[in-house]
Structures are given as structure tokens and as C-alpha cells.
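See structure below.
Given the structure is predicted, the values throughout are model-derived calculations rather than measurements.
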Amino acid sequence: MLAGRMSELEYLNQYYEQKGSRMLVVYGQKHIGKTTLVRAFAEDKPNYYYLAKPCSEREQMYQWGIQLKAYERNDPDKDDGICLPDGKDFPEFADIFNAVSVSTGKRVIIIDEFQNIVKVSESFMQELVAFIRKQEEKGGVMVLLCSSSIGWIENSMITKIGEAAYALSGLLKIRELSFGDIVHRFPNFRIEECVEAYAILGGIPGLWNQFDDKLTIQQNICRHILNPDSLLFEEGERMVADQLRETSVYNTILAAIAAGKHKLNDIYRHTEFSRAKISVYLKNLMELELVEKVFSYDGAGKENAQKGIYRIIHPFVEFYFTYMYPYMSMLQTISVGEYYNTYIYPNFRKYVSGCFKKVCRQYLEKLNERGKLPIHFESSGEWVGKDGSIDLIAKDAEGRTLIALCNWEKPMMTYADYEWVISCAERARIKADYIYLYTASGFDEKLNLEAKIKKNLKLVQVSDV
């Protein structure tokens, strides 16, 4: 069973069980688990898988032909129906599709990173659509076109494939897994360690595979990220370079944001790129879901809210540009243990605090779905003030509002923190009907007493999450 992807499997199965042919696009960021998902979906069905290479159209045909001939050699009886015409080193797309077709029943055909073909071929999609329509007479076929190029899928694909877009049955975007999934994935981690792992790896299962829950988080960082021989050592920069040109510009902007330059003007002063140029590059980073622009929850206190705040939202990219990119020279000259103690340990709790807010939001959303909150909120967000912020604001249809403050850094959440979030709500001009306080540690005596007196105040420890 594929953990954390049951709704996606159900979605694919619904299309497979429909009569006739179907063609779907399955996409999401690198390491998100697209290939694992589609292979799990197809494992009990007649299926064929091909990973498209970034090469010319002619070379693609040659490489595809090599793979098909390997299939034939491995199955000399041709029980799976895969058979290329003899003597074709460069088979046409029509030959390839016919080779993987079946006379009866429905085969699942998976073409991974299909954008590598579409970008260089004018005929691929037309040939594929023609093949799909022909297969209707034989019971149909299900074609899954997979891609890790989010920006291209969402902004360029329809224009590029033209009328072939009408043949698409649907698009399935594979999103990050939740904090609950990482807890199940690493049963030997304490809950605090799961939060720290989530802050580094996010909900990206391909990255989870590099961590070992029999080690501490520090040991995992040193062994599986800081070690130059590890798979993750350069992965943060690769995630940018694989999808973007002019990586020097993007690296500069990401490094500036990681260093605390969150406003356009701050990035401009740091980089000396023009504001117009920075805006274009930020837009591209947002399309790839590496960066987000933060908008405060719509309230009356707009004059006290910060505007135009940018954050890195890809956890591993943020970790790389926060802790590795600026100090790469030192990483090459001192031990990984010394590096960790010098450059990561001192402010790692502050770094994880941003992720803890995300975990708390997910927890509240789950409680909301299950009807276990005093309100059933329909909208939610955060408020980033010029002097203090509210980590979560949630409002129901009647206007009742729940606000939350999340503490990971401080050794104890105090009554002063409670007063602080109330003052932030006043500056945001938000009437807080319910207040939830989350902490990684404990609450002071006065705050515990206040929670017993006030029914609208809820104290939650990380272990409860």
C-alpha cells in the first residue's frame, strides 16, 4: 500500500475503470513521488513505462527503440505484446505506440518527463492522440504523462501542445505529504525530531529516503547532507539549476532571502539588480513553488501589516541557502561536526520555528475537518505585522475568529506571550473569539491558570499534535 497517496490512487483508478481511452498529466516537483505513485497504480495492470531523455527528437526515437528491443529480448514470447518492426534503429512515434499496444484489454502507458519530448517534437502529441483514439476499438488505453516541470505544465504546456490539449482527460498535481505522514515514516524519531526533519525535508518523500530514524537529526544532517559524498550535498542547488537558466541570478536572490532580505527593496539593495529584474525572477521562483509572496489575512488593520514579503517555501532549498551556500568554503575545510556546531546549531531552533507554524496549521485544519474546533472555519491565513505577527487566523461563516500563536524557540510559553498575541490582534483589528497557543515546551503557571478560567483559551503542546 502506498502511504499518504490514497486519494491520488483512487483518482487514477476512477479514470482507469471508465470505458474507452484516457490521457492524464501527472505532475509535481522533483522527489515528490510521482513515479512511485504511477508505478504503484499500474503494478497490477498491463503497463509500460518509459523515461524520456532531454535530447533531440531523433535521439529520443533511437533511445526509445533501444528500450523496446530490450523488452523484446527479456520477453522472447512477446506475451506483453511489445514488438518493434524489424530493422528500425530510429522508429517513428507511430511505430513505438503500436509496439506497446495490446490487442485486447486496457494497458497503462507511462511516459515520464514527457516535456523533454514535447519541447523538441512537433509531431509527438499528434501521433499520441491518434494512437489513443485508435485504441478505443480495442478496449482503450490509459496514458499517463508525468513531469517534474511545474512551471512549464502550468504556464506553457497548453500553448505548446495546441489542439492535443482537448484530448486530455485531467491533470493531477502531486503535492507534498503532511506532517502526519512523516511521523508514520519515521517511527523511531521523537515528535520533536519529526518536526525538525519536516523543517529540513518538507513533505517530499524522495528526500525522506535519505534520512535514518535510528540516527539523531544532527547525525542525519552531518552524514546525509553536509558530507560531500552524500546524495543531498548539492541537491539544494540542483533543484534550482535543473529547471532554471541564469542560475547565478537565482542563487543570488535565494541567498538574499535566506539571509533575511524579505522585501523587494531589501533584495534590490543587497543584489543591486534592478527592481524590475528581481520581480521577474521572483515570479519564476514562485511558479516553481520555491518562493512565496506573503499576504496578510484581510483585516481592518492594514496600516499595521507588512506588505511585499517574500519567503523560500521549499524546505530543503531554504536549508541549503541558509546553512550551506554561504559557508561552502568552510564546509570544505573543517569537519562536518565542527561545521554543524558552528553554523547550524546556534540558530537551528529559530529555523525550525517556521516549520512548526506549518505543522500547527495542518493540525488545526485536521481538527476543523473533523468538527473538533469551537468554530468551523471557512477561511484562514496569517497576519504579518510591522511589530509582531499572528501565526494563524481562521474565521467561520458567522465571522467568529480563532487566532493562534506558535512557540518553538523559547523554553517556555508565558502569560506575556498570551498578552502579546492579544495586542497583535488589536493592531490587526481582529476580534479574537478563541485563542490557541502551541508550544514545543511547556506553559508557565500563570498561563495554565488563565486557561482554566477562560474557556476560549486553549493550550496545546507539541506532543498533543
Side-chain angles (χ1 to χ4, degrees), residues 8 11-12 15-16 20-30 32-43 45-72 80-84 90-102 106-136 138 140-150 152-154 156-158 160-174 242-243:
E8 289 90 342
Y11 178 89
L12 294 174
Y15 275 101
Y16 183 79
S21 296
R22 294 291 181 269
M23 178 168 63
L24 287 85
V25 172
V26 180
Y27 72 105
Q29 60 184 274
K30 187 178 178 185
I32 203 68
K34 300 177 299 299
T35 303
T36 302
L37 170 67
V38 297
R39 295 305 299 269
F41 159 72
E43 66 181 356
K45 307 170 181 68
N47 69 82
Y48 170 78
Y49 173 87
Y50 177 70
L51 175 62
K53 285 79 174 173
C55 58
S56 70
E57 180 182 47
R58 180 173 169 81
E59 182 64 17
Q60 196 77 243
M61 292 173 174
Y62 179 73
Q63 293 293 331
W64 211 330
I66 289 175
Q67 194 218 48
L68 287 169
K69 288 171 184 175
Y71 267 93
E72 289 185 67
D80 62 1
I82 293 176
C83 181
L84 265 179
F90 297 89
E92 301 292 332
F93 289 126
D95 297 324
I96 292 169
F97 298 142
N98 289 331
V100 299
S101 65
V102 289
K106 183 182 288 188
R107 168 166 275 167
V108 178
I109 297 175
I110 303 165
I111 305 175
D112 210 347
E113 302 299 353
F114 80 104
Q115 77 280 354
N116 288 331
I117 309 175
V118 174
K119 288 179 180 180
V120 298
S121 173
E122 297 296 328
S123 64
F124 171 75
M125 287 302 298
Q126 288 74 16
E127 293 280 2
L128 180 57
V129 170
F131 163 72
I132 290 171
R133 287 173 179 161
K134 273 197 284 186
Q135 289 297 300
E136 292 277 359
K138 302 177 182 179
V141 64
M142 185 168 183
V143 176
L144 300 178
L145 302 175
C146 301
S147 175
S148 58
S149 184
I150 296 175
W152 185 82
I153 293 292
E154 295 183 344
S156 305
M157 180 188 73
I158 299 299
K160 181 62 179 177
I161 67 177
E163 292 186 0
Y166 292 110
L168 292 175
S169 304
L171 286 85
L172 175 60
K173 185 173 186 178
I174 309 302
D242 283 351
Q243 300 199 64

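Taking CD of Gln115 as the start and OG of Ser147 as the end, the distance is 3.5 Å to the nearest 0.5 Å. To the nearest 0.5 Å, the span separating OG on Ser121 from CD1 on Ile161 amounts to 12.5 Å. Taken from OG in Ser149 to NZ in Lys30, the straight-line distance is 12.5 Å, to the nearest 0.5 Å. Atom CG of Asp112 and atom NZ of Lys53 lie 10.5 Å apart (nearest 0.5 Å). Note that CZ of Phe131 is 11.0 Å distant from CD1 of Ile96, once rounded to the nearest 0.5 Å. Note that the CZ atom of Phe114 and the NZ atom of Lys119 stand 10.0 Å from one another [nearest 0.5 Å].
With sequence neighbours excluded, the residues satisfying side chain to side chain contact (heavy atoms under 4.5 Å, CB included) with Glu154 are Tyr27, Ile150, Lys173. With sequence neighbours excluded, the residues satisfying side chain to side chain contact (heavy atoms under 4.5 Å, CB included) with Ala52 are Tyr50, Gln60, Asn116, Ile117. For Glu113, the salt bridge (charged side-chain N to carboxylate O under 4.0 Å, His left out) test picks out no residue, with sequence neighbours left out. Under the rule for a side chain to side chain contact (heavy atoms under 4.5 Å, CB included), the partners of Glu136 that lie at least two apart in sequence or sit in another chain are Ser21. Listed by chain and residue number, Glu57, Glu92, Phe93 satisfy the side chain to side chain contact (heavy atoms under 4.5 Å, CB included) test with Met61 (two or more places apart in sequence, or in another chain). A search for ring-ring contact (aromatic ring centres under 6.0 Å, His included) contacts involving Tyr49 returns nothing, not counting sequence neighbours.
When all heavy atoms are compared, the tightest approach of Leu24 to Met142 is CD1-CE, 3.8 Å. When all heavy atoms are compared, the tightest approach of Gln126 to Glu122 is OE1-O, 2.6 Å. Closest heavy-atom contact between Ile158 and Ala165: CD1-CB, 3.9 Å. Looking at every heavy atom in both residues, Met23 comes nearest to Leu128 through SD-CD2, 3.8 Å. Smallest separation of non-hydrogen atoms from Leu12 and Leu144: CD2-CD2, 4.1 Å. Nearest approach of Lys45 to Asn47, heavy atoms of both residues: O-ND2, 2.9 Å.
Between Tyr48 and Trp64, the two ring planes are parallel [angle under 30°; tilted spans 30° to 60°].
Judged by distance alone, with hydrogens and angles left aside, the side-chain atoms of Tyr16 form a donor-acceptor pair with the main-chain N or O of Lys106 at under 3.5 Å.
Met125 is listed as a side-chain neighbour of Leu145, based on a closest heavy-atom distance under 4.5 Å. By the 4.5 Å heavy-atom criterion applied to side chains, Leu171 and Met157 are counted as neighbours. Side-chain contact between Phe124 and Ile111 is present, with at least one heavy-atom pair separated by less than 4.5 Å. With contacts defined as side-chain heavy-atom distances shorter than 4.5 Å, the pair Ile110/Phe41 does not qualify.
For Lys134, the NZ atom counts as loosely surrounded, since its 6.0 Å shell holds 12 or fewer non-hydrogen atoms of other residues, nucleotides or ligands.
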